[in-house]
Structures are given as C-alpha cells and as structure tokens.
Amino acid sequence: MRLYAIYFEPEDWVAFREVRRFGPSDRVESVSLPSPFPFYGAVRTALLKKWGIKLELGRFPDIDEKKREIIGGPDNPGKIKMFGPFIFKRTQKGIEHYFPAPRNIYRFDGKYKTMPMLNESEDEFKLPWIGEFSGAVKVEAQYIEASEIKKLKSGQEFQPSDPDCYEVELRLGIGLSKDSKLAEERMIYTMSVYRFRNGGFFMLCDEETCRLVSQLDGVFLGAKQRWAKVWIEEFKETDIFQPPNGNAAVWLLTPAIFDDGMIPKSKQLQGAKILGIVGAKKTVISGWDVANNRSKPIHHAAGVGTVYYLDRPIDGFVLRESKFNEFGFGTVAFMKWDYFEGEE
C-alpha cells in the first residue's frame with residue numbers, strides 16, 4: 001500500500017463553520033477536527049482556478065466532462081480521494097502525525113493498556129473490560145502519534161499524547177434574515193477557529209490525488225477563505241492500516257455514518273461480525289453549502305476513537321458501510337485484542 005500526506009499549513013488562523021444542535025450534553029471533551037468537505041472544496045476550487053475556470057457563487061462551473069470526472073460533485077469525490085483531516089506537528093526530528101486515539105485505552109501502574117474482552121458473556125455483544133479495576137486511570141490524551149500506533153499494534157509499550165501545536169476557539173454565529181432582524185431558519189451555527197504553531201492539518205491520499213494536488217502551492221481554506229500552504233510527502237507509516245495476525249479490532253480515525261447509529265444494521269463491518277464496542281459519543285456531521293449559502297443536512301455519526309472488536313480481520317481501511325465513505329468517512333486503523341485472563 002502506498003499513501004501520501006497532503007499538508008495544509010495555515011498562514012494564520014483558519015475557521016470552519018458547522019450547524020449544530022445545542023444542549024447540556026454538547027459540552028464534552030472530545031477530539032475536535034473539522035469535516036473533510038471544506039478540504040475537498042478548497043482543493044477543487046484551487047484546481048479549477050489553476051485550469052483558468054471562472055467561478056461564480058451559487059453556480060456550478062461550466063466545465064467539460066473530463067474535468068467534471070476529476071472534480072466530482074456534492075455526493076461524488078471524482079478522482080480526488082482524501083482521508084482525514086488529521087493534525088501534524090513540525091519538530092526538529094521531522095514531522096509528527098497525530099490521529100484520534102482509540103477509546104479502549106487506560107493506564108495502570110504507569111503503563112498504557114487496551115481493554116481485553118470478557119469471554120463468559122452470553123449476550124449478543126461481549127464486554128470489553130478493564131482487568132485492573134482497582135487503580136486503573138482514565139486516559140486524558142485524545143490523540144496518538146503514528147509511531148506510537150505501531151507500538152500499540154505490535155504489543156510494545158506505547159503512549160498517547162496530544163499535539164501542542166494548536167488551539168481551538170469555538171464561536172456561535174446567528175444568521176439574520178434579510179428582511180428582518182430575526183434569526184433565519186437553519187442559520188444558527190458554530191465557528192471553530194484553529195490557530196497553529198509549527199503545524200497544521202494533513203489528509204492522506206492515493207497516487208492519483210497526489211499527482212493532481214501536486215500542481216498546487218496552496219489553497220484558500222475554511223469559512224473565511226484563509227490561505228494555507230500545501231505540499232505533499234509520502235506517508236511511511238502505512239502498516240497501521242494493515243490488519244494484525246490473530247484477533248483484530250478497528251477504531252475510527254474519522255467519523256462513520258451508519259444506518260443504525262453506532263453500528264450498521266447488519267452488526268457487521270465488511271463481513272466481519274462485531275463482537276464488542278467501546279464507543280465514543282455520537283458526533284454531528286454537517287457543513288456549509290457555499291453554492292447555495294446555507295447549511296447542509298445534519299447526520300449523526302459514530303465518533304472518532306470508537307473501537308469495534310471483530311471476529312476476524314477485514315480488508316481495507318475505509319468502511320464501506322459508512323455513508324460518504326468515498327470522502328474518507330469511516331477510515332480506521334487496526335489493533336489486536338485479547339480475552340481477559342484474570343487480574344494481574
């Protein structure tokens with residue numbers, strides 16, 4: 001498998017606008033990453049401008065069939081295939097790549113572990129279990145770096161950690177009707193403002209997308225169209241997307257939109273039976289329809305970090321059961337799991 005990382009390094013701050021429903025349960029600690037749709041829009045717009053296409057608000061550009069196959073549409077990514085976004089950080093040793101951490105990690109006696117699964121359960125789903133019930137500590141970090149994922153997968157000692165290269169500020173916006181000072185329907189939204197220091201976002205992509213995006217030096221990204229430098233390098237840590245030998249589990253690196261909430265109605269992922277789940281909170285997926293200047297429909301998705309224990313390994317690292325999987329929703333990484341054998 002060969003993958004490339006497309007790096008988006010904002011010149012200053014960058015903001016993303018989404019529609020949300022508000023309530024007490026919305027105030028939770030979670031990984032804060034934007035939807036992939038603004039990144040697709042930024043790359044598409046930059047390519048069209050590179051080709052000399054005139055763009056008009058609220059109107060799809062008049063392009064030939066060949067270019068339309070490349071650019072795609074609202075429900076079709078065309079030939080642009082990106083997975084993410086995730087966070088990168090520049091260091092003296094090179095670039096670090098941070099992904100959402102699996103939610104089945106806990107800490108005991110100074111070491112990080114993943115939950116085994118109880119074998120005695122006769123229920124439809126078995127129960128992931130913290131073996132060292134007394135003294136186990138909740139993990140505060142929400143991310144894990146790619147090199148640590150390799151350690152986790154191979155059974156070595158690992159450590160999740162949050163990148164310290166950015167901050168997020170959440171703002172509330174209300175769109176007013178043109179004819180009155182009343183809020184317009186579906187025009188209450190949040191604005192997430194990201195400020196980076198020696199870092200930014202990255203998306204993973206295939207070779208064809210790499211060839212297309214390599215034409216670009218940068219894009220205008222986000223709700224306020226802020227400039228972001230763009231460059232591409234080969235992503236070397238692709239073994240995190242390969243299933244392990246033995247019992248396999250996957251966790252969501254991007255949200256997955258299933259037809260039955262946190263899992264598909266079939267209770268399977270690509271033919272493998274789901275044996276157990278350690279779930280993150282559901283997340284709301286929406287976006288902003290720039291062409292029509294209004295919010296996109298809201299979808300409720302299984303949140304990043306959700307872990308699915310499977311009865312066998314699966315092929316591929318993007319779940320076909322997820323809606324919008326062509327845009328990278330349902331991207332997963334692999335880990336091993338074991339049955340609980342008693343407290344140490």
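This chain uses plain numbering: 1 for the first residue, then up along the sequence. Quick caveat, the model's predicted, so the values are computed rather than measured. We use all heavy atoms of the structure for the numbers below, so side chains are in, but hydrogens, waters and symmetry mates are not.
Residues Tyr309 and Asn247 bring no donor and acceptor atom of their side chains to less than 3.5 Å of each other. One side chain, Thr209 or Asp206, offers a donor N or O that lies under 3.5 Å from an acceptor on the other. Tyr98 and Glu96 share a side-chain donor-acceptor pair at under 3.5 Å.
Taking the six-membered ring where the residue is Trp, the centroids of Phe16 and Tyr194 are separated by under 6.0 Å. For an aromatic pair to be called close, the ring centres must be under 6.0 Å apart, and Phe8 with Phe39 satisfies this.
Phe88 is linked by a ring-ring contact (aromatic ring centres under 6.0 Å, His included) to Tyr7, Trp231, counting only residues two or more places apart in sequence or in another chain.
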Discussion item. Please determine whether side chain to side chain contact (heavy atoms under 4.5 Å, CB included) holds for the pair Ile6 and Phe235, giving the CA-CA distance in whole Å, both sets of side-chain angles, and the decisive distance to 0.1 Å.
Written reply: CA-CA 9 Å; Ile6 307 173; Phe235 183 73; over 6 Å; no
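Here Glu208 does not pair with Lys81 in a salt bridge; the nearest charged N to carboxylate O distance is not below 4.0 Å.
In this structure, CD1 in Ile257 is found 13.5 Å from CD in Glu321, a value given to the nearest 0.5 Å. Here CG of Asp338 is found 11.5 Å from NZ of Lys113. Values are rounded to the nearest 0.5 Å.
Geometrically, Arg103 does not engage Trp251 in a cation-pi contact, judged by NZ or CZ lying under 6.0 Å from the ring centre and within 45° of the ring axis.
Among all heavy-atom pairs drawn from Val332 and Phe241, the shortest one is O-CD2, 3.3 Å.
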